[in-house]
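Heads up, the thing below is written out as structure tokens.
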Amino acid sequence: MLEKNKMSLFSLVMLGLSSIIGSGWLFGAWEATTVAGPAAIISWIVGAIVIGAIAFNYIELGTMFPESGGMSHYAQYSHGSLLGFIASWSNWVSLVTIIPIEAVAAVQYMSSWPWAWANWTNHFMHHNEISTRGLLVVFAFIVVFTLLNFWSVKFLTRFTSFIAIFKLAIPLLTIIMLVSTGFHAENFGHSVATFMPYGSAKIFAATSISGIIFSYNAFQTVINVGSEIRDSKRNIGRGIAISLGISIVIYLLLQITFIGAVSPALIAKTGWHGLNFQSPFADLAILLGIHWLAVLLYLDAFISPFGTGVSFVASCARTLAALKQNKHMPPIVGKMNHQYNIPRVAMAINAVVSMLLVSVFRSWGTLASVISTATLIAYLTGPVTVMSLRKMAPDMNRPVHSPWMKVMAPLSFVLASLATYWAMWPTTIKVIGVIMLGLPFYFYYEYRIHWENTWAQFKGSLWLIIYLALLSLISFLGSREFNGINVIPYPLDFVLISALALIFYYWGIISRFYSKYFSRAKRINQDVQL
């Protein structure tokens with residue numbers, strides 16, 4: 001692709017913002033508040049630290065290997081095809097789930113439209129889940145998301161830049177109007193006990209189960225379009241830092257605004273746990289008499305998820321197409337449209353899988369938990385890979401080479417492990433089970449290529465397989481605050497996971513080996529200029 005046709009830094013930041021500020025801002029503040037009360041503010045800070053530490057690893061990897069669908073390749077470069085498959089499959093599961101969750105968010109806000117002419121939308125939800133009628137509308141959204149990506153990257157960047165500007169304006173306007181109209185400072189409590197009414201453990205739980213990790217996670221959209229970025233060695237890191245930084249500020253302000261805007265009388269009646277909003281910010285605007293803002297919010301509930309859904313169709317298609325490159329998926333999955341350089345077959349497959357997923361998981365909260373956990377499992381490979389490659393190839397071209405990586409890599413591995421645990425039993429084992437469903441694909445294609453070096457691939461990934469089994473066991477035995485049977489009480493569960501994380505992090509680095517995928521990594525890296 002010609003340099004002039006690639007994404008500029010501005011377009012990249014707009015793509016990142018359009019991906020990150022999706023349905024998370026519409027539901028995340030409410031979901032987090034019902035779990036942690038006013039202390040949900042800390043949950044957003046904790047989530048930002050977790051994702052920021054993880055992103056630190058991928059900035060170095062992304063600038064070393066600026067390629068389409070990059071997140072699906074890194075682990076196999078250092079540890080072979082099996083670990084690469086597990087990481088890329090986990091990442092794909094998380095990305096393909098984002099497509100239906102954004103459609104669900106739009107349909108859920110539609111279901112609470114207050115106008116008489118819109119009564120037909122009121123049956124889109126049933127007991128806080130998408131109804132059969134609503135499911136058909138969700139399917140229609142998924143089809144539209146997909147079709148908008150069937151044409152050039154140039155069209156996509158123009159579309160997401162326009163959407164991102166709108167998506168920034170509405171949250172900021174909401175913050176200003178709700179704070180100026182009805183802000184109750186007393187809602188934040190007058191002591192530690194009233195600020196954290198459900199204890200400190202719920203602060204961490206809210207990070208994974210309320211969509212906070214999910215809301216920040218979309219930074220990887222920037223990584224996955226690596227080969228389509230102008231001056232990628234500089235702009236990948238800048239794009240992630242700017243879009244993630246702006247998003248963190250907006251999400252924190254939205255959380256503070258939501259807590260302050262709720263009526264103290266309502267809190268006294270139901271408690272934070274009992275807050276039940278179908279369309280959280282729009283419902284608050286109506287309660288405060290700002291009806292014109294409610295109309296804008298209903299409109300944005302259409303546009304924000306729309307922008308994120310469209311962005312992730314592109315990112316997810318490249319992730320699925322990248323799975324084919326290690327010969328563990330049918331070749332047709334990676335087939336590119338020559339005119340637009342877009343994996344149209346992968347897009348069509350993702351659309352069908354998205355429809356199947358939302359048919360099973362019909363609520364926003366459930367889908368958000370699945371996304372967060374699958375993403376974190378994929379992220380466990382990043383810190384191990386970045387340090388393994390430093391040992392395997394110290395002379396590789398590294399446009400970003402931070403001396404802090406020796407600290408940040410193990411720290412991010414520990415944080416990703418803890419955040420996986422925070423998703424709570426049985427979500428942990430369910431998502432790990434979904435990830436294991438991908439293994440038959442791997443072993444079938446290993447059989448097709450006559451079990452080529454399979455034992456080496458297995459040894460390169462054994463550390464992660466055992467670690468995931470142990471995390472599942474600890475989740476079951478862990479504290480009652482995280483739905484365990486309390487054999488390991490809080491906070492000893494955190495201590496145990498942190499200690500195990502460091503052991504498996506170093507085991508992961510020791511498990512590195514030179515394979516044909518490492519040779520491919522060297523070829524890609526040769527084109528990177530410092």
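Bear in mind the structure is a predicted one, so any value in this text is a computation, not a measurement.
- Phe27 pairs in a ring-ring contact (aromatic ring centres under 6.0 Å, His included) with only one of the listed residues (Phe214, Phe277, Tyr109, Tyr251), which is Tyr109.
- With rounding to the nearest 0.5 angstrom, the OG1 atom of Thr146 is 8.0 Å from the CG atom of Asn350.
- Between the CD1 atom in Ile371 and the CD1 atom in Ile101 there is a gap of 4.0 Å [rounded to 0.5 Å].
- The minimum heavy-atom distance between Ile240 and Ala55, with the atom names listed, is CG2-CB, 4.2 Å.
- Of all heavy-atom pairs between Ala416 and Leu380, the closest is CB-CD2, 3.9 Å.
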Start with the C-alpha distance between Leu376 and Ile54, add both sets of side-chain angles, then the distance that settles side chain to side chain contact (heavy atoms under 4.5 Å, CB included), and finish with yes or no. CA-CA 9 Å; Leu376 289 163; Ile54 290 169; 4.2 Å; yes
Working for side chain to side chain contact (heavy atoms under 4.5 Å, CB included), residues Val353 and Trp92: CA-CA 11 Å; Val353 172; Trp92 175 72; 4.0 Å; yes
Applying side chain to side chain contact (heavy atoms under 4.5 Å, CB included) to Thr33 and Phe258, what does each step give before you reach the verdict? CA-CA 9 Å; Thr33 303; Phe258 181 86; 3.6 Å; yes
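- Minimum heavy-atom separation, Val107 to Gly134: CG1-O, 4.1 Å.
- Put simply, the side chain of Phe139 does not reach to within 4.5 Å of the side chain of Pro100, judged on heavy atoms.
- Here the straight-line distance linking atom CE of Met196 with atom NZ of Lys202 works out to 14.0 Å at 0.5 Å rounding.
- At a threshold of 4.5 Å between non-hydrogen side-chain atoms, the residues Ile349 and Val352 do not count as touching.
- The shortest distance between side-chain heavy atoms of Ile246 and Leu168 falls below 4.5 Å.
- A donor-acceptor pair is defined here as one N or O able to donate and one able to accept, closer than 3.5 Å; no such pair exists between the side chain of Asn187 and the backbone of Ala261.
- Nearest heavy-atom pair across Gly52 and Leu244 is CA-CD2, 4.5 Å.
- One N or O on the side chain of Ser263 and one on the backbone of Ala265 form a donor-acceptor pair closer than 3.5 Å.
- In this structure, Phe482 and Tyr421 have side chains that are in contact, with non-hydrogen atoms separated by less than 4.5 Å.
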Walk me through whether Ser191 and Thr194 qualify under side chain to side chain donor-acceptor pair (under 3.5 Å). CA-CA 5 Å; Ser191 64; Thr194 51; 3.2 Å; yes
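- Side-chain contact check for Tyr74 versus Thr381: every heavy-atom pair is 4.5 Å or farther apart.
- Residue pairs satisfying the side chain to side chain donor-acceptor pair (under 3.5 Å) criterion with at least one member in residues 131-145, sequence neighbours excluded, are absent.
- A pairwise comparison of heavy atoms in Val400 and Glu60 identifies O-CG, 3.3 Å as the closest pair.
- You'll find the side chain of Asn91 stays beyond 4.5 Å of the side chain of Ser88, heavy atoms only.
- For Trp25 and Phe281, the ring centers sit closer than 6.0 Å to each other.
- Rounded to the nearest 0.5 angstrom, Ile99 CD1 and Ile142 CD1 are separated by 7.5 Å.
- Looking at Ser208, its side chain does come within 3.5 Å of a backbone N or O of Ala419 through a donor-acceptor pair.
- Sorted by first and then second residue, the pairs that involve residues 42-56 and meet side chain to side chain donor-acceptor pair (under 3.5 Å), not counting sequence neighbours, are Trp44-Gln255.
- The two residues Ile51 and Tyr379 come nearest to each other via the heavy atoms CD1-CE1, 4.3 Å.
- Looking only at side-chain heavy atoms (C-beta outward), Leu178 and Leu293 come within less than 4.5 Å of each other.
- Taking the six-membered ring for Trp and the full ring otherwise, the centers of Tyr198 and His273 sit less than 6.0 Å from each other.
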Determine, stepwise, if the pair Ile42 / Phe204 fulfils side chain to side chain contact (heavy atoms under 4.5 Å, CB included). CA-CA 9 Å; Ile42 302 175; Phe204 301 105; over 6 Å; no
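- Atom CG of Leu284 is separated from atom CD1 of Ile290 by 9.5 Å, given to the nearest 0.5 angstrom.
- Taking the six-membered ring for Trp and thresholds of 30 and 60 degrees, Phe145 and Phe141 have ring planes inclined between 30 and 60 degrees apart.
- Using a 4.5 Å heavy-atom threshold, the side chains of Ile209 and Trp422 count as separate.
- We find the CG-CD1 distance between Leu136 and Ile130 to be 11.0 Å, quoted to the nearest 0.5 Å.
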